[in-house]
Amino acid sequence: MSRTHRTHRIAVLAGDGIGPEVMTESLRVLDAVEARFGFSTVRDERLVGGAAIDATGHPLPPETIAACEQSDAILFGSVGGPKWESQPPDLQPERGALLPLRKHFGLFANLRPGVCLPSLTHASPVKNELIPNGFDVLCVRELTGGVYFGQPKGREERDGEPVAFDTMIYRKSEIDRILRVAFTAAMGRGKRLVSVDKANVLATSVLWRETANEVAADFPEVALSHLYVDNAAMQLVKRPDSFDVLVTENLFGDILSDEMAMISGSLGMLPSASLGKQNAGGLYYGMYEPSGGSAPDIAGRGIANPIAQILSAAMMLRHSLGENEAAAAIEAAVARTIDDGYRTGDIATGAAAEIRVGTAGMADAVLERL
Ligand code: IPM
Ligand code: MG
């Protein structure tokens with residue numbers, strides 16, 4: 001890799017709740033890897049979500065979109081909270097900012113790792129004898145199609161009563177491209193892919209399954225299997241360690257990825273990536289955010305686990321900025337921090353060997369191990 005100094009532009013959207021406090025820590029970690037690996041990031045910090053509503057009246061102001069357009073990637077905190085729940089739906093922090101960002105930037109591939117480290121199985125609600133070695137599943141969720149965005153969508157009056165409708169629709173090309181992301185991810189891991197659908201009921205799922213079987217021909221080393229979504233939901237709680245990579249459409253992925261995050265024990269540990277266009281060098285335009293959300297109940301108390309945000313920055317370094325060594329260094333430092341016993345409240349058991357820390361203390365421990 002070239003040792004000339006590299007500069008990347010990132011849009012930093014901290015948002016609401018614990019977003020700003022965990023973002024601060026992830027930026028300190030970014031500072032440290034930049035110094036060590038010889039690159040820099042130009043950071044454009046912008047408002048999003050409730051913070052943007054308070055300042056401008058809109059959860060996704062045009063200046064924020066413009067800043068994202070001028071960047072190589074978006075590092076996102078979290079949005080939402082009780083203060084903005086009475087906003088009209090399209091002006092709520094989640095729907096009014098997240099969904100338009102996904103659509104605007106064509107972020108069709110959502111990667112959500114669900115990792116339960118062997119040392120943190122106690123935090124999982126799954127019976128520990130079922131997961132003696134923890135588990136490591138990657139959920140690949142289609143993010144810009146299906147029933148979330150399909151038209152027509154709406155509400156009207158029929159026979160004197162209101163009816164509402166959504167349209168679940170997929171083009172073959174949309175299915176093909178998300179399957180390719182999932183197969184490629186599987187090639188870099190355990191080479192097992194489970195495609196989740198509802199092909200016993202839904203036409204979109206029949207097309208999904210057909211397409212998955214076709215794409216499989218280009219990835220002969222990957223073992224592809226299919227599960228109906230209801231069965232997948234059961235298998236995930238019963239034997240999560242049987243999965244390697246799981247791929248599914250938007251709504252199924254919304255639900256299964258939350259189930260997976262919950263069984264992994266701490267939302268505070270899980271990053272995510274939403275990937276769009278890929279350039280000639282294989283890097284994606286992407287948005288990176290913790291899986292856990294804004295956690296308004298613990299916001300501002302300095303106790304939130306910053307690891308999800310720190311690992312989101314690592315995913316950004318890998319998938320959008322091509323700084324793979326820096327990404328690997330962060331991931332290794334986080335793993336050592338956990339091995340060495342550092343615990344925020346969400347992953348603590350009270351065992352004597354644990355070192356209880358808050359948000360900044362956890363980041364300090366990661367920085368010491370970088
Ligand atoms: C998620 C969230 C969003 C979704 C909501 C907030 C619109 O649940 O990122 O999973 O449904 O995709
Ligand atoms: Mg969700």
Side-chain angles (χ1 to χ4, degrees), residues 17-19 21-33 36 78 112-138 189-190 236-243 258-272 290-293 295 297-315 325-370:
I18 61 170
E21 53 199 285
V22 293
M23 184 65 83
T24 300
E25 303 309 326
S26 73
L27 295 179
R28 285 172 64 212
V29 171
L30 209 48
D31 288 338
V33 289
R36 175 162 155 208
S78 52
R112 298 192 173 183
V115 178
C116 180
L117 297 172
S119 57
L120 295 180
T121 51
H122 63 83
S124 171
V126 175
K127 276 202 201 94
N128 282 202
E129 61 260 34
L130 294 175
I131 45 169
N133 304 308
F135 55 85
D136 180 349
V137 189
L138 176 68
R189 302 174 36 114
L236 262 178
V237 286
K238 198 171 164 215
R239 26 179 216 113
D241 60 358
S242 69
F243 290 88
D258 262 16
E259 182 188 0
M260 196 188 68
M262 178 52 67
I263 60 172
S264 78
S266 175
L267 284 174
M269 300 280 295
L270 302 177
S272 77
S291 284
D297 50 320
I298 58 164
R301 294 167 53 195
I303 59 172
N305 189 344
I307 288 181
Q309 189 75 56
I310 291 170
L311 291 176
S312 296
M315 286 187 98
E325 292 173 50
I330 293 175
E331 287 159 356
V334 165
R336 278 199 297 278
T337 301
I338 297 301
D339 279 348
D340 289 346
Y342 288 85
R343 300 286 185 269
T344 41
D346 54 322
I347 50 176
T349 56
E354 288 179 358
I355 307 162
R356 278 298 291 270
V357 283
T359 309
M362 185 64 106
D364 288 342
V366 173
L367 284 166
E368 282 160 17
R369 285 160 185 77
L370 259 177

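This is a predicted model, so every value here is computed, not measured.
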Under 3.5 Å, side-chain donor or acceptor atoms of residues 117-126 against the rest of the protein: list the pairs with distances, not counting sequence neighbours.
from   : atom 1 : to     : atom 2 : distance (Å)
Thr121 : OG1    : Asn128 : OD1    : 3.4
Ser124 : OG     : Val126 : N      : 3.0
Ser124 : OG     : Ile263 : O      : 2.5

Of all heavy-atom pairs between [X] and [Y], which one has the smallest distance, and what is that distance?
X: Leu367; Y: Ala32; answer: CD2-CB, 3.6 Å
X: Gln309; Y: Ser26; answer: CG-OG, 3.4 Å
X: Glu21; Y: Gly300; answer: OE2-N, 2.5 Å
X: Ser266; Y: Asn305; answer: OG-ND2, 4.5 Å
X: Ile131; Y: Cys116; answer: CD1-SG, 4.4 Å
X: Pro240; Y: Val137; answer: O-CG2, 3.6 Å

Next item on the list: Give every residue pair that meets the salt bridge (Lys or Arg N to Asp or Glu O under 4.0 Å) criterion with at least one member in residues 330-339, sequence neighbours excluded.
Entry: Arg318-Glu331
Next item on the list: Give every residue pair that meets the salt bridge (Lys or Arg N to Asp or Glu O under 4.0 Å) criterion with at least one member in residues 117-138, sequence neighbours excluded.
Entry: Asp136-Arg189
Note to self: Run the side chain to side chain contact (heavy atoms under 4.5 Å, CB included) test against Ala326 and tell me which residues pass, sequence neighbours left out.
What the structure shows: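 Expected list: Val33, Phe37, Phe39, Leu317, Glu323.
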Next item on the list: Can you sort out the partners of Ala352 under side chain to side chain contact (heavy atoms under 4.5 Å, CB included), two or more places apart, ordered by chain and number?
Entry: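 Once residues adjacent in sequence are excluded, Ala352 has no partner under the side chain to side chain contact (heavy atoms under 4.5 Å, CB included) criterion.
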Next item on the list: Could I get the full list of salt bridge (Lys or Arg N to Asp or Glu O under 4.0 Å) partners for Asp340, not counting sequence neighbours?
Entry: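 Counting only residues at least two positions away or on another chain, Asp340 forms a salt bridge (Lys or Arg N to Asp or Glu O under 4.0 Å) with Arg369.
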Checklist line | Asp241: partners by salt bridge (Lys or Arg N to Asp or Glu O under 4.0 Å), with sequence neighbours left out | finding: none
Item checked: Test item: Glu354 side-chain N/O and Thr349 main-chain N/O as donor-acceptor pair under 3.5 Å ->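 Yes; judged by distance alone, with no hydrogens or angles, the pair exists.
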Margin query: For a 4.5 angstrom cut-off between non-hydrogen side-chain atoms, does Asp346 reach Leu267?
Written below: no
Check: Pro113 versus Pro271: any side-chain heavy-atom pair under 4.5 Å?
Finding: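 The answer is yes; the side chains approach within 4.5 Å.
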Which residues satisfy the side chain to side chain donor-acceptor pair (under 3.5 Å) test with [X], sequence neighbours excluded?
X: Arg301; answer: none
X: Asp31; answer: Arg43
X: Ser291; answer: none
X: Glu259; answer: none

How long is the gap from [atom1] on [X] to [atom2] on [Y], to the nearest 0.5 Å?
X: Leu270; Y: Ser264; atom1: CG; atom2: OG; result: 4.0 Å
X: Leu138; Y: Ser272; atom1: CG; atom2: OG; result: 11.0 Å
X: Met262; Y: Leu236; atom1: CE; atom2: CG; result: 13.5 Å

Next item on the list: Apply side-chain contact (heavy atoms from CB on, under 4.5 Å) to Met269 and Leu311, showing your working.
Entry: CA-CA 8 Å; Met269 300 280 295; Leu311 291 176; 5.7 Å; no
Would you mind writing out the side-chain donor-acceptor pairs for residues 359-366 within the sub-3.5 Å range, not counting sequence neighbours?
from   : atom 1 : to     : atom 2 : distance (Å)
Thr359 : OG1    : Gly302 : O      : 3.1
Thr359 : OG1    : Ile303 : N      : 3.3
Thr359 : OG1    : Ala304 : N      : 3.0
Thr359 : OG1    : Ala304 : O      : 2.7
Asp364 : OD1    : Arg28  : NH1    : 3.4
Asp364 : OD1    : Arg28  : NH2    : 2.5

Notebook entry, point to check: For Arg343 and Ile338, what are the C-alpha separation, side-chain angles and deciding distance, and is it a side-chain contact (heavy atoms from CB on, under 4.5 Å)?
Noted result: CA-CA 7 Å; Arg343 300 286 185 269; Ile338 297 301; 3.6 Å; yes
